[in-house]
Amino acid sequence: MIEEIILAKCCEAVQHLYGQEVSPGSIGMEKTKKEITGDFTIVVFSLLKISRKSPEDTAMEIGDYLKNNIPEIAEFNVIKGFLNLVLSDRFWGDFLSREGTRTGYGFRENRHEAPVVLEYSSPNTNKPLHLGHIRNNLLGFSLAEILKANGHDVVKVNLVNDRGIHICKSMLAYMNWGDGETPQSTGMKGDHLIGKYYVLFDKKYKEEIRELVATGMTAEDAEKKAPLILEAQDILRRWEARDEAVVSLWKTMNGWAYEGFDQTYLRLGVDFDKVYHESETYLLGKQLVMDGLKSGALVGKEDGSVWADLREEGLDEKLLLRSDGTSVYMTQDLGTAELRNDDFHPSAMIYVVGNEQNYHFDVLKRVLLKLGKDFAANIHHLSYGMVELPMGKMKSREGTVVDADDLMDEMFATAETTTRELGKADELSQPEANKLFNTIGLGALKYFILKVDPKKNMLFDPAESIDFNGNTGPFIQYTYARIQSLLARAGGAGYDWKSRRADLLNPLLPLEKETIKRLFLFEEAVVVAGKEMNPSVIANYVYDLAKVYNQFYQELPVLKEENVEKALLRLAVTSMAGEVIRRSMKLLGIEVPARM
RNA sequence: GGUCCCGUAGCUCAGUUGGAUAGAGCAACAGCCUUCUAAGCUGUGGGUCGCGCGUUCGAAUCGCGCCGGGAUCACCA
């Protein structure tokens, strides 16, 4: 890579000029700011102690050395302590002809190492998916694509939370007031039908609490003593005892939820290689804890409960087994982590889970290490922020959620309206038009979510529909469609930019070079996105590329260019831009239309 | 209260291994379609980077202290 060459030669320059060795890492190099002439900039302030000269002189001397020793450097300029290096047009031309038509550009070859296990989605079967899940699903799917592009094998797993008190609440409400409704009889999607009863339970439960409080009970007691919650707990006990009626209803209702989820996943374009169910894994981890107790890694208390003492690490004591010997959430996660390790022997395990569980995952990792499970060192929590509404946090129980299916419907409808207003659906058949509306609507939604740094909370205002102009998915899709249209015309006109390389008889114009430079940065964006587990790196990259390409497109004629060499060069740039946009969007799980 | 995260333009967001004059989009205003798709392009206005102190040749970026917002700290999951 050219960056490494420059850094290495820079060290050589310092050695040669000032007789002192420096490491490449100690030299500051960055991309030159766009208002300033140059491609890479070396900041020489840190070298002044060695050179014992002014910033300007130091930069000049190093610049001279680099220019004489690196053929790719055409010229340089110095502003204060900044040495701006200009690479030759030949360098950019070589890059374009070497990588422009290579199918694997930007992606690493598969390394054939142990896979990365990536858990995401992990829904509860008591309610439908909402906007928070959408963020989770999109992040998880995109991260899997990014890791694959970095040469990793990825196993996408989903751990479905299909048991527990919250499921029993939906079941109880259905038993009491369901009246035998089914998805078929109501025409409702299964997960939505179940969600309806979850909300209903909460409503009735709150009524009971109010009544109890009115009789003089404290709110806290009322929450524990309300008949409905006692009944729900009883159902949980019967479920654990394999009571036939309860298990049968549980299976039926979970089946409805799965049918609903499958539809939503399919539409959202996400999938999984393996699905775990908590009903099958919730008893795991107990043995792990007992072993830890025996070895002395964990502590038992008089009442029989078992704890991990993390006070030395700055955390608290954490309960792992209750005094009655039953498990808690953490116990189960310890067990599933080990199960997953045994199943895949992965090089890393990534959990895409909201930042409200930061503490949980911190503890999970520490306890596993305490238990001597070295694989825990390779556990990563991709912690993402909440999606907030203008009125605050979403709450399923209170029905203040943006439903995933509804939102996708709205995006489709907006895409249809906008496209028809622009008259762009006129020549399409109905199926073609629907496919396009879906591509654009989902593209807008996915990009809206993924362009934001995962770790930050983000705001979604349902009153304002997601934009299709500016820094948006449709903007990028549009750029791609425009490129395809141009390339199709060029092919028809007999231009052969793939096999015939432009000769660069003319110097590159600024916009030509700017666009090629963005294309050059794709490889780095993929690496950084993978290393930081951050799809927004790709989203911001591809926006920047599309923006620069649009300037190029607006300012420079391609097919209208009379100089054939120029036309071929611009077609090569155009073609590569289209391909890199497509590949970038693929990393985000966003489709790109041939026309729109 | 302890721990962690966040605070950048009216709004939504970029920008941190410390670098040059802090950037986009939306919204507002003014231009550009007889020429490759105007979901586009160009321009104008808009900032004490929450506040203060410190480290440094240099701080949105690092440290300390405040202010404001959020999460978490259950024999819940």
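By convention in this document, chain letters (A, B, ...) are assigned in the order of the sequence lines, proteins followed by strands, and residues within each chain are numbered from 1. What's counted below: heavy atoms across the whole structure, side chains too, no hydrogens, waters or symmetry copies.
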### Task
Considering only atom C1', compute the distance from B/A22 to B/G65 and round it to an integer number of Å.
26 Å

### Message
Any strand counts, and the cut-off is 3.5 Å on both contacts for Watson-Crick or G-U wobble. Which nucleotide pairs with B/G52?
### Response
B/C64

## Note on the structure
Between A/Glu388 and A/His166, whichever has its closest RNA chain B nucleotide further toward 5' is A/Glu388

### Task
Kindly assign one of parallel, tilted or perpendicular to the pair A/Trp250 and A/Trp239, based on the angle between their ring planes and the thresholds 30° and 60°.
perpendicular

### Message
In whole Å, measure the gap between the C1' atoms of B/A59 and B/U42 for me.
### Response
34 Å

### Task
Look at all strands and tell whether A/Ser536 reaches a base, only sugar-phosphate, or nothing, counting heavy atoms closer than 4.0 Å.
nothing

### Minimum heavy-atom distance between A/Lys169 and A/Ala232, given as atom pair plus value
CG-CB, 4.4 Å

### A/Met29 atom CE, over 12 foreign heavy atoms within 6.0 Å
yes

### Task
Under 4.0 Å between any heavy atoms, over every strand shown, what does A/Ile36 touch: base, sugar-phosphate, or nothing? Just pick one.
base

### Message
Using a heavy-atom cut-off of 4.0 Å across all strands, would you classify A/Ile440 as base, sugar-phosphate, or nothing?
### Response
base

### Earlier contact from the 5' end, RNA chain B, for A/Tyr329 and A/Tyr543
A/Tyr543

### Query
When all nucleic acid strands are considered with a 4.0 Å heavy-atom cut-off, which category describes A/Asp362: base, sugar-phosphate, or nothing?
nothing

### Task
Could you pull out all residues at least two apart from A/Phe361 that satisfy ring-ring contact (aromatic ring centres under 6.0 Å, His included)?
A/Tyr351, A/His381

### Task
Take A/Phe475 and A/Tyr447 through the test ring-ring contact (aromatic ring centres under 6.0 Å, His included) and record every step on the way to the result.
CA-CA 10 Å; A/Phe475 168 83; A/Tyr447 186 84; 8.9 Å; no

### Touch class at under 4.0 angstrom, heavy-atom based, for A/Lys456 against every strand present
sugar-phosphate

### Query
Just wondering, are more than 12 heavy atoms of other shown residues or ligands nearer than 6.0 Å to CD in A/Glu512?
yes

### Query
Do A/Phe468 and A/Tyr478 make the cut of ring centroids closer than 6.0 angstrom?
no

#### Entry: Sugar-phosphate only, base, or nothing, as touched by A/Lys547 at under 4.0 Å among non-hydrogen atoms
sugar-phosphate

### Query
Which part of the nucleic acid, if any, lies within contact of A/Leu556, taking any heavy atom under 4.0 Å across all strands shown: a base, the sugar-phosphate backbone alone, or nothing?
base

### Message
Is there a side-chain contact between A/Leu487 and A/Tyr495 in this structure, where contact means two heavy atoms from C-beta onward sitting under 4.5 Å apart?
### Response
no

### Query
In the strands shown, is B/U17 matched to any nucleotide by a Watson-Crick or G-U wobble pair with both distances under 3.5 Å, and which?
none

### Message
When the P atoms of B/G23 and B/G46 are compared, how many Å lie between them, rounded to an integer?
### Response
14 Å

### B/A14 to B/G52 separation - C1' atoms, rounded to the nearest Å
27 Å

### Query
What integer number of Å spans the C1' atoms of B/U61 and B/U8?
12 Å

### Task
Is it possible for you to check whether A/Lys318 lies under 6.0 Å from the centre of the six-membered ring of A/Trp307, through NZ or CZ, and within 45° of that ring's axis?
no

### Over all atoms of both residues, closest heavy-atom pair of A/Ser536 and A/Asp453
OG-CA, 3.7 Å

### Task
May I ask you to say what A/Val452 touches in the nucleic acid, namely base, sugar-phosphate or nothing, with a heavy-atom cut-off under 4.0 Å?
sugar-phosphate

### Partner nucleotide of B/C32 by Watson-Crick or wobble geometry (both distances under 3.5 Å)
B/G40

### Task
Give one of base, sugar-phosphate or nothing for A/Met386, where a contact means two heavy atoms less than 4.0 Å apart.
nothing

### Query
Which part of the nucleic acid, if any, lies within contact of A/Val328, taking any heavy atom under 4.0 Å across all strands shown: a base, the sugar-phosphate backbone alone, or nothing?
sugar-phosphate

### Message
Counting only Watson-Crick pairs (N1-N3 plus N6-O4 or O6-N4) and G-U wobbles (N1-O2, O6-N3), all under 3.5 Å, who is the partner of B/C4?
### Response
B/G70

### Message
What contact category does A/Asn124 fall into here, base, sugar-phosphate, or nothing, at under 4.0 angstrom with non-hydrogen atoms?
### Response
nothing

### Message
In whole Å, measure the gap between the C1' atoms of B/G31 and B/G45 for me.
### Response
15 Å

### Query
When the C1' atoms of B/C51 and B/C67 are considered, how many whole Å apart are they?
7 Å

## Note on the structure
Residues of residues 486-494 of chain A with a heavy atom under 4.0 Å from any atom of RNA chain B, listed by number, are A/Leu486, A/Arg489

### Task
Between B/U16 and B/G25, how far apart are the C1' atoms? Round to whole Å, please.
22 Å

### Query
Using the purine O4'-C1'-N9-C4 or pyrimidine O4'-C1'-N1-C2 torsion, is B/C33 syn (within 90° of 0) or anti?
syn

### Task
Indicate, with a heavy-atom threshold strictly under 4.0 Å, whether A/His360 touches base, sugar-phosphate, or nothing.
nothing

### Query
How would you give the extent of chain A contacts on RNA chain B, as first and last nucleotide 5' to 3' within a 4.0 Å heavy-atom cut-off?
B/C6 to B/A77

### Query
Under 4.0 angstrom, heavy atoms only, what part of the nucleic acid is A/Phe475 near: base, sugar-phosphate, or nothing?
sugar-phosphate

### Query
Is the A/Tyr198-A/Phe201 ring centre distance short of 6.0 angstrom?
no

### Query
If you look at every strand shown and take non-hydrogen atoms under 4.0 Å, does A/Glu555 touch a base, only sugar-phosphate, or nothing?
sugar-phosphate

